[in-house]
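Mind having a look at this structure? Questions to follow.
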Amino acid sequence: MSSTARMPEKPTLEGLEERWSRIWDEQRTYAFDRTASRDQVFSIDTPPPTVSGSLHVGTVFGYAQVDCVARFRRMRGERVFYPMGWDDNGLPTERRVQNYYGVRCDPALAYDPDFAPPAEPDPKNAIPVSRPNFVALCERLTATDEQAFEELFRRLGLSVDWSLAYTTIGDRARAVSQRAFLHDLARGDAYTAEAPTLWDITFRTAVAQAELEDRDRPGAYHRIGFHGADGEPVLIETTRPELLPACVALVAHPDDSRYRPLFGRSVTTPVFGAEVPVVAHPLADPEKGSGIAMICTFGDTTDVVWWRELALPTRAIVGRDGRLLPDPPAGLSDKGTAAYEEVAGKTVFAAREAIVALLRDSGDLVGEPRPITHPVKFFEKGDRPLEIVTSRQWYLRNGGRDEAQRERLLARGAELSWSPAYMRARYENWVGGLNSDWLVSRQRFFGVPFPLWYRLDDAGTPLYDDPITADESALPVDPQAEVPPGFTADQRGVPGGFTGDPDVMDTWATSSLTPQIAGGWGTDLFDRVFPMTVRPQGHDIIRTWLFSTVVRSDAEFGSLPWEQAMINGWILDPDRKKMSKSKGNVVTPMDLLVEHGADAVRYWAASGRPGVDTAFDTGQMKVGRRLAMKVLNASRFVLGTGVSDAPVTEPLDRALLTALAGVVDRATAALDAYDYTRALEATEEFFWAFCDDYVEVVKVRAYDTGAASDSARAALATALSTLLLLFAPFLPFVTEEVWSWWRDGSVHRQGWPSADALLRDGDPALLATIAAVASSVRKAKSEAQLSQRAAVDLLTITADAGELDRVRVVAADLAAAGTIAEIAYVEGPVESGRLTAAVTLAAGQ
RNA sequence: GGGCGAUUAGCUCAGUUGGUUAGAGCGCUCGCCUCACACGCGAGAGGUCACUGGUUCGAGUCCAGUAUCGCCCACCA
């Protein structure tokens with residue numbers, strides 16, 4: 001073994017992150033071996049964090065957990081493929097760019113190569129810029145953020161190979177997204193359709209089923225009378241009276257005797273005077289409201305079902321901007337048409353007030369509206385309720401309309417290994433509950449465009465059913481800027497010419513391809529890493545990211561994208577709520593790293609069990625920091641006694657190494673099963689017992705000379721070395737620091753410790769024996785309020801014969817450690833524990 | 001309404017095929033400057049294991065039900 005010349009006089013944790021992250025980078029400690037074959041590789045399909053301002057505290061939590069597993073696998077000899085991605089593609093980036101530079105995207109504009117953003121941005125008077133200019137600004141802003149994120153992750157000690165970094169808006173990701181889409185199209189897994197779609201009026205884009213969330217909002221039941229043929233009013237209740245002009249029918253349950261006489265007959269809408277049929281459908285709930293409902297095109301998704309299944313006409317009134325369309329729908333009476341003019345152009349909220357006033361005037365509003373709180377569908381990133389509008393969109397088949405495909409995807413979920421196992425149920429719930437295909441087109445600017453153009457007929461109308469596809473070798477393409485094969489630029493937008501598809505893909509359409517993007521689909525790298533070994537991610541995006549990745553891989557490769565899903569929990573506020581963005585940003589991850597140190601923050605993360613939501617707890621970070629400090633100091637002590645490679649001969653020393661072999665076994669098994677927490681616990685528990693009992697008891701012997709002393713120093717060095725290796729995945733900085741004091745090379749490139757290289761034939765009970773005796777002696781001194789150095793005249797041990805033998809074996813160490821003059825042995829029964837120790841302290845202390 | 005998870009000391013949590021008197025850390029109290037560590041060391045107090053039944057020689061652990069909390073899903077007029 002080497003010398004300990006590099007050991008500092010006063011070890012400290014300060015500065016370890018800067019120093020070692022720099023050296024790891026210089027020495028390419030975590031570089032992937034590009035020549036490795038798939039069977040040697042442990043590949044990680046990293047979650048690309050959203051690049052928008054600051055990383056959330058919760059993000060570092062999950063990444064630190066994954067890194068512990070990655071480091072373990074690397075020490076095990078696997079070639080770890082650990083890239084990092086940045087999700088800079090999507091709405092959050094767009095919104096940020098608009099505010100940051102004071103611009104807005106106008107796709108009709110031409111690219112301006114000389115454009116520079118204003119020195120003093122004024123988001124209220126946003127400057128219109130072309131799509132290429134806008135995208136350039138997005139890339140510029142995210143590049144700055146990504147640099148800051150990388151710095152943070154390096155400081156956290158993530159053992160990422162930074163040369164493998166990717167972005168979801170970069171050329172590579174755009175090309176992969178477009179290529180995958182073209183394959184989907186060729187296979188028939190992608191199709192276009194014009195249909196009612198959930199629509200966000202703020203972002204003016206369609207949104208997918210997976211992006212919905214319900215929020216409770218105040219509303220009111222309005223009781224409204226429709227006019228029956230016999231003059232009797234038919235009362236319905238609605239929370240959306242503004243949709244009255246869009247009403248196309250009333251509906252009740254087929255078995256509802258109250259309304260059965262009306263089925264097949266017509267009623268007239270109040271105020272607007274449209275004649276609408278009364279129809280029957282089993283989805284109508286007799287218990288809800290008055291038991292009969294108005295069907296509008298479209299108020300909610302049930303309306304869509306009714307409209308489709310009952311083949312009702314369309315009377316659309318809400319536009320894509322959330323305002324009522326300027327022209328009245330068909331079927332209104334003359335008076336109704338006049339009434340509509342009063343509300344045309346109003347927002348749905350203003351229209352609601354206006355129509356309620358009209359109903360009140362006409363006497364068709366029965367009673368006063370009754371306030372309620374009810375769930376309303378929102379786009380998860382939006383803040384206004386979704387509307388439903390009819391539009392042409394692209395869809396990917398995901399099993400939502402195909403039983404066989406759904407069964408196959410459920411089977412993929414069963415094939416995948418889950419940590420923790422119960423998370424599989426979330427996947428199955430979601431897949432089982434799908435009711436539509438995956439809507440992948442978005443009416444946005446900053447995203448991956450569809451690599452498509454459409455021919456224009458003589459009237460200039462696009463022929464959507466026969467798109468012109470881009471050549472795969474030319475990807476990525478921007479159909480707004482580039483010309484399809486066989487056309488010239490001056491044919492754009494003219495009859496008989498072409499038009500580029502204006503939309504971009506859903507962010508998940510790109511994210512679902514992270515294995516292909518990171519793994520270099522189409523190059524030799526891909527076969528070395530795919531299917532990936534593990535996908536780490538949060539449980540909230542099982543329905544989106546995990547599922548959509550399975551869909552794409554199943555369709556393209558007929559396999560799972562990975563073997564293992566490693567699901568991490570969330571960070572909760574101390575009050576048990578999911579830590580909000582705003583609170584999460586009060587304490588930034590960098591603040592935590594500066595205040596507590598990376599090893600301490602990692603310790604906190606690693607003590608959060610797989611998949612379990614964990615409280616944000618700086619107390620746990622303090623514990624981690626204490627542990628890191630202890631590693632420094634204990635190492636300094638062990639190395640200070642002088643490292644020996646003599647044989648370990650003393651029974652107590654052999655007991656130590658035998659117990660340590662058991663710890664190695666447990667930690668290894670736990671990490672193999674992705675249970676990093678259990679591995680850390682086993683190591684940590686042993687380490688504290690090692691410091692408090694073993695080290696304290698052998699101290700005197702270790703400072704001595706001779707064979708018994710050599711044995712102690714050899715055992716200390718072996719134990720220290722093994723413990724550093726066991727801690728290395730969790731506390732990469734402090735273990736590397738200590739390793740550097742006396743060993744060459746990085747601790748992180750050492751082999752994982754082998755239990756068989758330690759000892760198996762020692763008697764670990766000896767450790768329990770010294771712990772019990774030492775504890776009794778300490779207690780006596782503590783109760784006498786004396787220093788632990790105080791002298792003991794006589795220590796009387798009562799125990800059974802076997803235990804007494806064990807005490808005799810370690811008596812010399814115990815006597816030296818406890819300053820004990822004499823030990824007496826009494827064979828006899830013990831009330832509790834393994835022995836009784838009576839302590840007679842020396843007088844006059 | 002359906003599904004998943006949780007409920008153990010003031011707080012954060014262990015407790016893996018059921019087995020003596022339920023553990024740890026933090027916090028608290030009391031000591032100790034013990035030659036690695038005062039960012040330390042030692043000792044102590046503190047729990048009817050959410051509730052109700054059941055299985056068993058034996059239940060924190062298994063079964064059934066109840067309650068509370070959290071998350072996901074659902075056709076929320």
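Just so we're on the same page: letters track the sequence lines, and every chain starts at 1.
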Between B:rC76, B:rC71, B:rU34, which nucleotide has the shortest distance from any of its atoms to the side chain of A:Gln788?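 Selected nucleotide: B:rU34.
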Hey, does A:Arg240 reach any base, or is it just sugar-phosphate, or nothing, if we go heavy atoms under 4.0 Å?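 The residue A:Arg240 makes no contact with any strand.
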Counting Watson-Crick and G-U wobble pairs only, both distances under 3.5 Å, name the nucleotide matched with B:rA6, or none.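 Partner of B:rA6: B:rU68.
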Contact class for A:Val695 vs. all strands (heavy atom < 4.0 Å): base, sugar-phosphate, or nothing? base
With a non-hydrogen cut-off below 4.0 angstrom, is A:Arg625 in contact with a base, only sugar-phosphate, or nothing? base
Summary of side chain to side chain donor-acceptor pair (under 3.5 Å) pairs that have at least one residue in residues 682-700 of chain A, sequence neighbours excluded: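 For residues 682-700 of chain A: A:Tyr603-A:Glu684, A:Asp653-A:Tyr694, A:Asp693-A:Arg778, A:Glu696-A:Lys699.
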N or O in side chain of A:Arg217 less than 4.0 angstrom from B:rC76 OP1/OP2: no
Candidates B:rC75, B:rC73, B:rC30 - which lies nearest the side chain of A:Thr302: B:rC75
Name the nucleic acid region contacted by A:Asp285, choosing base, sugar-phosphate or nothing; use a 4.0 angstrom heavy-atom cut-off, strictly under. base
Would you mind classifying the nucleic acid contact of A:Val623 as base, sugar-phosphate or nothing, using non-hydrogen atoms under 4.0 angstrom?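 Sugar-phosphate, no base atom in range.
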Please report the closest heavy-atom contact between A:Leu680 and A:Ala606, naming both atoms and the distance.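 Heavy-atom minimum between the residues: CD2-CB, 3.8 Å.
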From B:rC26, B:rC76, B:rC72, pick the nucleotide closest to the side chain of A:Lys288?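 In terms of side-chain proximity for A:Lys288, the closest of B:rC26, B:rC76, B:rC72 is B:rC76.
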In whole Å, what is the span from the CG atom of A:Leu572 to the C1' atom of B:rU7? 15 Å
Is A:Asp692 touching bases, backbone alone, or none of the nucleic acid, heavy atoms closer than 4.0 Å?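 It contacts sugar-phosphate atoms only.
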Between B:rC72 and B:rG10, how many Å separate the two C1' atoms, rounded to a whole number? 33 Å
Have a look at A:Met294 and say if it touches a base, only the backbone sugar-phosphate, or nothing, with a 4.0 Å heavy-atom cut-off. nothing
Set of residues satisfying side chain to side chain donor-acceptor pair (under 3.5 Å) with respect to A:Asp672, sequence neighbours excluded: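 Side chain to side chain donor-acceptor pair (under 3.5 Å) check on A:Asp672 returns A:Arg76.
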Spacing of the P atoms in B:rC32 and B:rG70 (rounded, Å): 48 Å
For B:rC75 and A:Arg308 - does any side-chain N or O of the residue sit under 4.0 Å from the phosphate oxygens OP1/OP2?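 For B:rC75, OP1/OP2 do not have a side-chain N/O of A:Arg308 under 4.0 Å.
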Under 3.5 Å donor-acceptor, A:Glu17 side chain and A:Ala598 backbone: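 Answer holds: yes.
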Taken to the nearest whole Å, CH2/A:Trp570 to C1'/B:rU12 is 20 Å
Figure out the CD/P separation between A:Glu783 and B:rA43, and round it to whole Å. 10 Å
Can you tell me how far P in B:rC62 sits from the matching atom in B:rA24, rounded to whole Å? 23 Å
Side chain of A:Glu681 - closest among B:rA14, B:rA36, B:rU12: B:rA14
Base, sugar-phosphate, or nothing: which does A:Ser775 touch, judged by heavy atoms less than 4.0 Å apart? sugar-phosphate
Please determine, for the side chain of A:Ala634, which listed nucleotide (B:rA36, B:rA14, B:rU12) has the closest atom?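 Nearest listed nucleotide: B:rA36.
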Select base, sugar-phosphate, or nothing to describe what A:Ser782 touches, counting heavy atoms under 4.0 Å on all strands. base
Between B:rC49 and B:rA6, how far apart are the two C1' atoms, rounded to whole Å? 14 Å
Non-hydrogen atoms of A:Pro270 and A:Ile224 that approach each other most closely: CG-CG2, 3.6 Å
Could you tell me the separation between the CH2 atom of A:Trp430 and the P atom of B:rC4, rounded to a whole number of Å?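 Distance, rounded to whole Å: 18 Å.
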Of the options B:rC26, B:rC76, B:rG31, whose atoms approach the side-chain atoms of A:His374 most closely?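 Nearest nucleotide to the side chain: B:rC76.
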Heavy atoms under 4.0 Å, any strand shown: does A:Trp688 hit a base, just sugar-phosphate, or nothing?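 Sugar-phosphate contact only - A:Trp688 comes under 4.0 Å of backbone atoms but never of a base.
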How would you label the contact of A:Ala284 with the nucleic acid (heavy atoms, under 4.0 Å): base, sugar-phosphate, or nothing?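 Touches a base.
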Go ahead and name the base partner of B:rG42; Watson-Crick or wobble counts if both distances stay under 3.5 Å, otherwise write none. B:rC30
Taking only side-chain N and O atoms of A:Gln209, does any of them lie within less than 4.0 angstrom of OP1 or OP2 on B:rA74? yes
Report which part of the nucleic acid A:Cys691 touches: base, sugar-phosphate, or nothing (heavy-atom distance under 4.0 Å, all strands). base
Starting from the 5' end of RNA chain B, give me the residue, A:Gly433 or A:Tyr221, whose nearest nucleotide shows up first.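 The 5'-side residue here is A:Gly433.
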Starting from P on B:rC71, measure out to OH on A:Tyr427 and report it in whole angstrom.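 Atom OH in A:Tyr427 sits about 25 Å away from atom P in B:rC71.
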Calculate the interatomic distance between A:Lys781 atom NZ and B:rG44 atom P; express it in whole Å.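 After rounding, the reported distance stands at 15 Å.
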Integer angstrom distance from the C1' of B:rU8 to that of B:rA36: 37 Å
Could you work out which one of B:rU34, B:rC30, B:rC71 sits closest to the side chain of A:Ser787? B:rU34
Any strand is fair game: report the nucleotide pairing with B:rC76 by Watson-Crick or G-U wobble, both distances under 3.5 Å, or none. none
Checking A:His539 against A:Asp613: is there a side-chain donor and acceptor pair closer than 3.5 Å? yes
Can you tell me how far P in B:rC71 sits from the matching atom in B:rC63, rounded to whole Å?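 So the two P atoms sit 26 Å from each other.
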Counting any heavy atom closer than 4.0 Å, what does A:Lys779 reach on the DNA or RNA strands: base, sugar-phosphate only, or nothing? sugar-phosphate
Pick base, sugar-phosphate or nothing for A:Glu696, based on heavy-atom distances below 4.0 Å to the nucleic acid.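 Result for A:Glu696 = base.
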Phosphate-side-chain proximity, A:Ser635 and B:rA36, N/O vs OP1/OP2 below 4.0 Å: no
Salt bridge or not for A:Glu368 and A:Arg370, using N-O below 4.0 Å? no
B:rC75 phosphate, OP1 or OP2: any side-chain N/O from A:Asn435 under 4.0 angstrom? yes
Any strand is fair game: report the nucleotide pairing with B:rC62 by Watson-Crick or G-U wobble, both distances under 3.5 Å, or none. B:rG54
Nearest-Å distance once atom C1' is located in both B:rU61 and B:rU16: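 That atom pair is separated by 10 Å.
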Mind checking who B:rC13 pairs with, Watson-Crick or G-U wobble, both distances under 3.5 Å?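 Pair assignment: B:rC13 / B:rG23.
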Tell me whether the side-chain N/O atoms of A:Lys622 come closer than 4.0 Å to OP1 or OP2 in B:rC39. no
When you check the gap from the basic side-chain N to the acidic O, do A:Glu737 and A:Arg6 get nearer than 4.0 Å? no
Over how many whole Å does the gap from A:Asp214 atom CG to B:rC75 atom P extend? 8 Å
Any idea which heavy atoms bring A:Gly608 and A:Tyr676 closest together, and the distance? O-OH, 2.9 Å
What class does the angle between the rings of A:Phe61 and A:Trp604 fall in, given that below 30° is parallel, 30 to 60° is tilted and above 60° is perpendicular?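 Rings of A:Phe61 and A:Trp604: tilted, 30 to 60°.
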Of A:Glu14 and A:Lys377, whose nearest nucleotide on RNA chain B comes first from the 5' end?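 Nearer the 5' end of the strand: A:Glu14.
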Looking only at side-chain N and O atoms, does A:Arg789 come under 4.0 Å of OP1 or OP2 in B:rC33? no
In whole Å, what separates the P atom of B:rG25 from that of B:rG42?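 Those two atoms are separated by 10 Å.
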Between C1' on B:rC13 and OH on A:Tyr676, what's the gap in Å once rounded to a whole number? 14 Å
